[in-house]
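Below you'll find the structure, written out as structure tokens, and then a few comments.
On a predicted model such as this, the values are computed, not experimentally measured, just so you know.
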Amino acid sequence: YLDYNATAPIRPEARAAVLAVLDAGGNASSVHALGRAARDQVEKARDIVAQRIGASSQRLIFTSGGT
């Protein structure tokens, strides 16, 4: 049984983006400066994903679940 979806290596540019956001910290729901910066990162990611799939960023919802 091989499940490449579960074991595929992460692309280097995706890893770098995740690490940069994790290193920045902040809660995107907070109103302080660090929280606003985190929210900006979420909205930037939303815009990029929406553009790549040809959708409106207002209609793109990120969830915390993996399944």
Item to complete: Heavy atoms only: give me the nearest Gly25-Ala38 pair and the separation to one decimal.
Response: O-CB, 4.0 Å
Discussion item. Please determine whether residues Phe62 and Val21 belong to a single hydrophobic cluster, defined as Ile, Leu, Val, Met, Phe, Trp and Tyr linked transitively by side-chain heavy-atom distances below 4.5 Å.
Written reply: no
Worksheet entry | Set of residues satisfying salt bridge (charged side-chain N to carboxylate O under 4.0 Å, His left out) with respect to Arg52, sequence neighbours excluded | none
Response to the item:
Sorted by chain and residue number, the salt bridge (charged side-chain N to carboxylate O under 4.0 Å, His left out) partners of Arg39 (sequence neighbours excluded) come out as Glu43
Worksheet, complete the sentence: To the nearest 0.5 Å, atom NZ of Lys44 lies from atom OG of Ser57 at 14.5 Å
Worksheet item: Shared ILVMFWY cluster between Leu60 and Val42, side chains joined below 4.5 angstrom?
Response: yes
